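Every value quoted in this text rests on a predicted model; they were computed, and no experiment measured them. Just so it is clear, the values below take in all heavy atoms, side chains as well, and ignore hydrogens, waters and symmetry mates.
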Amino acid sequence: MKLVARTRRLDHDVDLLDVAGPTGVLFEQHGLGMAGRGEALRIPRPADVEAALAAIDVDDEVALPGTGAVAFTAMPFRGTAPLVVPSLIVGRADDGTRWETVIGPPGFETGPSSRPPTRAPSSFNVRPGRDPLDWCDAVAEAVAAMRAGDLQKVVLAREILVEADRPFDVIEILRRLRSAYPSAYLFSVDGFIGASPELLVSRTGDVVRSHPMAGTTPRTGDPTADARLAAALLASSKDRAEHQITIDTVLDALLPFCSYVDSEPEPSIVALANVQHLASLCEGRLSSPPASVVTLVDALHPTPAVCGFPRHLALDAIDRLEGFDRGRYAGTVGWVDARGNGRFAVSIRCAEVDGTVARLFAGNGIVADSDPATELAETRAKLNALLSAIVRP
């Protein structure tokens, strides 16, 4: 069946959350990005996406990154996942342009979306997937391994399980996350939702960007205390070393695809509602012909920010010490268009939602001088980003 992607400008404003609804796809930041619903095409593997999108005829009067045929996916920490081309995609660009793309056979039209009324959960049972003290023991074991061998960093994660008396309202959770973390990448793909602060990679034409984060400290809400904590984070030799490992790895991964690539000379502080991170923008110019964003994702993922360094030793340590299947946590979520443009965030500050059950995740970079109790407190601060949006009477 031949598919056609017809893109037209919109002369009215749109709320991408309303477009996606509870079962659609969403990827936005500051209310800008794209949302879709329905399914025109499912692409089994990332390796197939270029040919599959190229086979869709295009009638595009907007011609911006993200117009025409677009595929969305949430890839797991390990392995791959299918990509979905929605039958309706609505986008908002930072220059104010708004558009609608309808994808289907010639003459295909989409119908209006409907959202059945829901009753919010009123009671919750929250429990850790693993005893916190047991997790601290795993951190101590990782520290001992680093002091005795070649492993320099490993990211160890925790999961929290939340059970409610009624199915969770995904849209309401996303609205709370949008309000609390307006600068984050808000996403929803097949029950996987979150508000990630970290850009894995974007490609616009021949420009590639990544904004890795590694090194975290809490925020208190007191400006003086938060400024002191930020200054301590910038001055921390432990956090700066962890951060530099990630930056160097990102630059090394991008360099084969670029005529040049570089990072900011010094990290900056990215402040969120509950925590603040060390971050450095990396930017380069892709060689001709420019690699697709899917190729760049494959080269970068997983970065030391979610895995560790060296990668093979960190993966072994995760298998030995972490104690659960990450699934899509610490993977990557985003979109790619038929021209190879796209944007992918690191899948952190996220949850898997299935009816009345939600699994929340958070991880920390463990290095040779990490303190287990401090690392546990940091995971709790990160988990609060989702927990405060999900557990709400």
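- Transitive grouping of hydrophobic side chains (ILVMFWY, heavy atoms separated by less than 4.5 Å) keeps Val154 and Phe309 in distinct clusters.
- Chaining together hydrophobic side chains whose heavy atoms lie under 4.5 Å apart places Leu233 alongside Leu234, Ile269, Leu278.
- Summarising the geometry, atom CG belonging to Leu16 is positioned 11.0 Å from atom CZ belonging to Arg98; distances are rounded to the nearest 0.5 Å.
- Within the structure, every pair that satisfies the salt bridge (Lys or Arg N to Asp or Glu O under 4.0 Å) test and touches residues 192-209, not counting sequence neighbours, is listed here: Asp206-Arg285, Arg209-Glu283.
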Contacts under 3.5 angstrom, residues 286-298 side chains, donor-acceptor by atom type, not counting sequence neighbours:
residue, atom, partner, partner atom, Å
Ser287, OG, Ser259, N, 3.3
Ser292, OG, Val294, N, 3.2

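- Scanning for side-chain contact (heavy atoms from CB on, under 4.5 Å) contacts around Pro197 gives Met213, Leu272, His277, Ile348, Arg349, with sequence neighbours left out.
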Show me, pair by pair, the donor-acceptor contacts under 3.5 angstrom made by side chains of residues 362-370, not counting sequence neighbours?
residue, atom, partner, partner atom, Å
Asn364, OD1, Lys382, NZ, 3.0
Asn364, ND2, Glu375, O, 2.8
Asn364, ND2, Glu375, OE1, 2.8
Ser370, OG, Val367, N, 2.8
Ser370, OG, Val367, O, 3.2
Ser370, OG, Glu375, OE2, 3.2

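- Not counting sequence neighbours, Phe168 has no partner by the ring pair (Phe, Tyr, Trp, His ring centres under 6.0 Å) test.
- Residues that satisfy the side-chain contact (heavy atoms from CB on, under 4.5 Å) test with Ile43, not counting sequence neighbours, are Leu41, Asp48, Val49, Ala52, Leu53, Ala71, Leu83, Val85.
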ring-ring contact (aromatic ring centres under 6.0 Å, His included) evaluation trace for Phe187 with Phe72: CA-CA 10 Å; Phe187 61 84; Phe72 295 77; over 10 Å; no

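- Note: Phe77 and His301 have perpendicular aromatic rings, judged against thresholds of 30 and 60 degrees for the angle between ring planes.
- Residues satisfying the side-chain contact (heavy atoms from CB on, under 4.5 Å) test with Gln29, not counting sequence neighbours, are Tyr185, Arg343.
- With hydrogens and angles ignored, the 3.5 Å screen pairs no side-chain donor or acceptor of Asp354 with any backbone N or O of Val357.
- The ring-ring contact (aromatic ring centres under 6.0 Å, His included) analysis of residues 235-271, with sequence neighbours excluded, yields no pairs.
- For Asp222, the side-chain contact (heavy atoms from CB on, under 4.5 Å) test picks out Thr220, Thr224, Ala225, with sequence neighbours left out.
- When side chains are defined from C-beta on, Ile193 counts as touching Val353, because their heavy atoms get closer than 4.5 Å.
- Ser236 places no side-chain N or O within 3.5 Å of a backbone atom of Ala232 that could act as its donor or acceptor partner.
- With side-chain heavy atoms closer than 4.5 Å counting as contact, directly or through intermediates, Val207 stands alone and belongs to no larger hydrophobic cluster.
- Applying the salt bridge (Lys or Arg N to Asp or Glu O under 4.0 Å) test to every pair with at least one member in residues 69-87, sequence neighbours left out, gives these pairs: Arg78-Asp319.
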